[in-house]
Number of protein chains: 2
Amino acid sequence: MAKKYERKQAPVIAGAAKSVTLIDVARVAGVAPMTVSRALNRPELVRSDTQRKVIEAVRATGYVPNMLAGGLASSKSHLVAILLPTIANSIFSDTVQALMDGLTTSGYQTLLGLTGYSTSREEALVEAILGRRPDGIVLAGTSHTDATIERLTKAKIPVVEIWDLTDNPIDMVIGFSHEKVGVAVARHLIRKGYQRFGIVSVDDPRGLRRCESLKNELAKHGIVDTSFEVLPAPATLQGGREGLTRILASSSPEIVVCSSDTLAQGVLAEAASRGLNVPRDVAVMGFGDLNTAAHVCPALSTVRVDGATIGKNAAEALLTRFAAESGYEGERLNVRIDTGFTIVDRESA
Amino acid sequence: MAKKYERKQAPVIAGAAKSVTLIDVARVAGVAPMTVSRALNRPELVRSDTQRKVIEAVRATGYVPNMLAGGLASSKSHLVAILLPTIANSIFSDTVQALMDGLTTSGYQTLLGLTGYSTSREEALVEAILGRRPDGIVLAGTSHTDATIERLTKAKIPVVEIWDLTDNPIDMVIGFSHEKVGVAVARHLIRKGYQRFGIVSVDDPRGLRRCESLKNELAKHGIVDTSFEVLPAPATLQGGREGLTRILASSSPEIVVCSSDTLAQGVLAEAASRGLNVPRDVAVMGFGDLNTAAHVCPALSTVRVDGATIGKNAAEALLTRFAAESGYEGERLNVRIDTGFTIVDRESA
DNA sequence: CTGTTAGCGCATTCAG
DNA sequence: CTGAATGCGCTAACAG
């Protein structure tokens with residue numbers, strides 16, 4: 001009697017070779033399809049000689065497991081989605097690299113979505129992405145539409161919000177307080193004796209919060225005439241040049257603080273082309289990562305954020321959750337990591 | 001008699017609410033599941049009042065289509081994979097942005113893979129990714145292992161190799177010749193009167209090819225004592241500083257050519273900290289995109305590559321192929337686009 | 001225009 | 001340790 005799991009009919013059209021499936025491998029190996037599945041996914045449950053036969057058959061047939069089918073059957077997609085505003089000039093690149101390193105090592109793949117700093121685009125992306133049944137999702141920021149939050153909550157998958165903190169996370173949060181950055185920068189610079197400030201920010205929610213917090217803290221110290229220029233996102237060098245130009249049109253600050261390093265470098269370029277000496281004529285402060293800032297211009301100060309740590313922690317948090325939900329149930333995690341930040345001065349760089 | 005497509009049994013366990021499916025929507029809308037599927041995917045085949053009922057039921061139930069199931073049934077995943085060496089300091093960011101813009105608009109999602117400049121890692125990623133049955137795949141570069149090429153060929157999906165050219169593409173190619181970049185830079189700089197060159201490159205295949213081509217062309221013009229320093233990938237500012245340090249230890253070039261803008265900026269930083277005037281004491285030339293180079297330092301020249309055009313063309317090529325394979329069969333495309341490059345001088349910036 | 005039937009390729013669940 | 005039956009959620013291909 002024919003084995004039950006044989007294909008109902010062999011391919012008829014010669015050219016249209018159906019792709020090879022578990023069943024084909026099973027036939028070649030002389031075992032049941034289920035055994036092939038186990039040999040591939042849980043080798044410890046299979047005798048080693050059976051294992052060898054299967055591996056051999058896989059190679060012989062050129063079999064590539066269909067993860068759509070596997071995911072459908074097992075409700076595990078081995079997919080993690082990452083939503084970022086943009087990857088241009090990205091302060092997120094270290095984070096993404098570290099996150100993907102961690103996930104790839106454990107057999108997860110990464111779906112990327114770019115929101116362009118728009119929560120409505122984020123909403124649309126989240127809806128589309130959830131259709132792919134990812135096992136987890138990572139979002140930049142903690143500000144989302146109600147619909148996004150609701151869908152994410154109902155999806156019942158691990159969610160990590162990164163690069164910010166909040167008291168009402170959807171699930172897990174790994175980041176730092178942008179308000180604290182503003183306050184810390186204000187106090188730091190006041191302590192160093194600065195009195196006249198300029199601020200250049202792009203229209204990005206977190207950048208604006210840093211800069212507004214800075215401005216507020218300055219006001220608390222009696223510094224109220226701070227010029228504040230906002231440029232359209234994303235940050236570009238051209239934006240920085242434009243920002244300084246506008247600032248200088250109406251004031252003459254001792255220091256210009258920027259919402260990102262990219263912007264700060266644009267300010268440096270504009271200063272150079274105006275023959276201004278940095279930091280003697282005007283000092284410049286950025287935000288982001290040492291690699292893109294202090295090294296380029298020893299005259300530049302910056303706020304250093306450890307993006308790689310954020311990514312690494314996010315990967316670990318997700319993987320732990322995945323393991324927990326697979327039955328190695330430990331106690332429910334409640335991940336909230338404040339990664340902090342460091343102010344890097346030109347003297348200390 | 002009960003409709004055939006009703007679920008065999010309603011959920012028993014109250015808490016473990018099964019996610020809502022097509023069948024649930026169909027029941028609420030009072031139509032067959034197939035009609036819901038059509039209303040969602042091919043609305044033009046459905047009467048508008050039926051359509052309305054379905055939409056209403058979708059909203060009422062909070063239905064999110066399961067693309068794993070849809071993909072399995074239709075052999076269309078609406079997924080495109082992109083493989084890049086890294087996203088750090090990435091000259092690819094414009095390309096990725098443009099590519100994703102084009103694909104997202106047409107309902108495709110993007111799987112990202114990072115190869116770290118390793119063809120063997122690329123091979124492993126390709127195998128894993130093909131399991132997801134992507135509708136298309138984009139690879140940075142034209143250099144791959146034999147196994148990668150074989151798998152990709154057998155997968156019978158559109159493949160786009162970008163940021164390089166070759167006479168033996170797997171399928172489609174969109175990029176430019178790195179050898180020509182080297183030659184063009186050499187001729188350009190010789191014409192401007194430079195005689196003593198230094199070269200700093202990271203250990204990235206395309207960067208090295210540009211620099212080796214430059215060195216060869218210089219040799220053809222009788223310039224043979226060119227110092228050439230290679231640093232580990234990826235490009236960093238620190239690498240650029242180190243590169244200039246090594247160059248100056250053994251020579252005193254009039255100009256230092258770098259394999260990327262990031263490296264060039266590192267060279268600028270090192271020059272500054274040595275009190276060297278750029279370009280008077282030493283000129284610097286980079287490679288990449290205007291936004292990261294000439295704007296920062298008017299003293300820097302660079303080779304400008306239009307990454308966004310590469311991404312846009314790649315998206316269009318893929319989408320056209322997808323349409324063709326769905327039956328709107330036009331003539332078979334044979335995409336090979338030389339996007340070229342431009343040398344941007346400090347005078348012209 | 002709408003409904004029915006029959007899988008897509010795999011893993012879960014239970015038998016042996 | 002291995003095998004058989006069943007269905008994940010959806011859509012192609014036909015019927016009406």
Side-chain angles (χ1 to χ4, degrees), chain A residues 1-9 11 16 18-27 29-51 53-54 58 61 63-78 130-133 326-327, chain B residues 1-9 11 18-27 29-54 58 61 63-78 130-133 326-327:
Chain A
M1 164 180 148
K3 297 199 183 89
K4 292 299 169 54
Y5 53 79
E6 281 189 352
R7 286 187 169 190
K8 299 298 160 54
Q9 46 182 9
K18 307 281 295 180
S19 73
V20 359
T21 74
L22 250 202
I23 296 178
D24 301 317
V25 178
R27 193 163 25 220
V31 299
M34 198 51 238
T35 302
V36 176
S37 174
R38 275 194 279 255
L40 261 26
N41 301 316
R42 323 199 44 192
E44 71 277 12
L45 299 183
V46 164
R47 263 199 348 231
S48 61
D49 60 328
T50 309
Q51 171 74 5
K53 283 193 298 186
V54 170
V58 166
T61 54
Y63 173 65
V64 178
N66 185 326
M67 299 183 80
L68 296 178
L72 181 59
S74 68
S75 310
K76 275 196 227 108
S77 60
H78 287 267
L130 286 181
R132 205 117 1 220
R133 301 296 187 268
S326 296
Chain B
M1 159 180 151
K3 297 197 183 89
K4 292 299 172 50
Y5 52 80
E6 282 188 351
R7 286 191 170 187
K8 300 297 162 53
Q9 47 181 13
K18 308 280 294 180
S19 74
V20 358
T21 74
L22 249 203
I23 295 178
D24 301 317
V25 177
R27 192 164 25 221
V31 298
M34 196 56 233
T35 302
V36 176
S37 173
R38 276 194 280 255
L40 262 25
N41 301 316
R42 322 201 43 194
E44 70 279 11
L45 298 182
V46 164
R47 265 201 345 234
S48 62
D49 60 328
T50 309
Q51 171 75 5
R52 233 188 320 277
K53 284 192 298 187
V54 170
V58 165
T61 54
Y63 173 64
V64 178
N66 185 326
M67 300 182 78
L68 296 178
L72 181 59
S74 68
S75 312
K76 274 194 227 110
S77 60
H78 287 266
L130 286 181
R132 208 125 347 227
R133 300 296 187 266
S326 298

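Order of the sequence lines fixes the chain letters, A, B, ..., with proteins taken first and strands second; residue numbering starts at 1 for each chain.
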Among [options], which is the nearest nucleotide to the side chain of [X]?
X: B:Arg47; options: D:dA13, C:dT2, C:dC10; answer: C:dT2
X: A:Asn66; options: D:dG3, C:dC10, C:dG3; answer: C:dC10
X: A:Ala73; options: D:dT2, D:dC10, D:dG7; answer: D:dG7

Using a heavy-atom cut-off of 4.0 Å across all strands, would you classify A:Leu22 as base, sugar-phosphate, or nothing?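 Sugar-phosphate: the residue A:Leu22, judged by heavy atoms under 4.0 Å, touches backbone atoms but no base.
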Over how many whole Å does the gap from [X] atom [atom1] to [N] atom [atom2] extend?
X: B:Arg27; N: C:dG3; atom1: CZ; atom2: P; result: 15 Å
X: B:Leu68; N: C:dG9; atom1: CG; atom2: C1'; result: 12 Å
X: B:Lys76; N: D:dT11; atom1: NZ; atom2: P; result: 10 Å
X: A:Met34; N: D:dT2; atom1: CE; atom2: P; result: 12 Å
X: A:His78; N: C:dG9; atom1: NE2; atom2: P; result: 20 Å
X: A:Met67; N: C:dC10; atom1: CE; atom2: P; result: 12 Å
X: A:Asn41; N: C:dC10; atom1: CG; atom2: P; result: 10 Å
X: A:Arg42; N: C:dC10; atom1: CZ; atom2: P; result: 18 Å

Between A:Ser77 (side chain only) and A:Arg133 (backbone N and O only), is there a donor and an acceptor less than 3.5 Å apart?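 Confirmed, A:Ser77 side chain pairs with A:Arg133 backbone.
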Do A:Arg42 side-chain atoms and A:Ala39 backbone N/O form a donor-acceptor pair below 3.5 Å?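 Between the backbone of A:Ala39 and the side chain of A:Arg42 there is no qualifying donor-acceptor contact (under 3.5 Å).
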Is a salt bridge present between B:Asp49 and B:Arg52, judged by a nitrogen-to-oxygen distance below 4.0 Å?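 No, no charged N to carboxylate O under 4.0 Å.
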Please examine the side chains of B:Met67 and A:Leu68, heavy atoms only from C-beta on, and report whether any two atoms are closer than 4.5 Å.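 Heavy-atom side-chain distance check fails, nothing below 4.5 Å.
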Side chains of B:Thr21 and B:Asn66: does their closest heavy-atom pair fall under 4.5 Å?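 No; the side chains remain at least 4.5 Å from each other.
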Where each residue is assigned the nucleotide of DNA chain C containing its nearest heavy atom, which of B:Leu72 and A:Ser37 is assigned the position nearer the 5′ end?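 Residue closer to the 5' terminus by nearest nucleotide: B:Leu72.
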Report the residue (B:Thr50 or B:Arg133) whose heavy-atom-nearest nucleotide on DNA chain C is the more 5′ of the two.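 It is B:Thr50, whose closest nucleotide lies nearer the 5' terminus.
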D:dG3, OP1 or OP2 - any side-chain N/O from A:Thr35 closer than 4.0 Å?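 Checking A:Thr35 against D:dG3: at least one side-chain N or O falls below 4.0 Å of OP1 or OP2.
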Ignoring hydrogens and angles, are the base of D:dG3 and the side chain of A:Arg38 linked by a donor-acceptor pair under 3.5 Å?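 A donor-acceptor contact between them is present.
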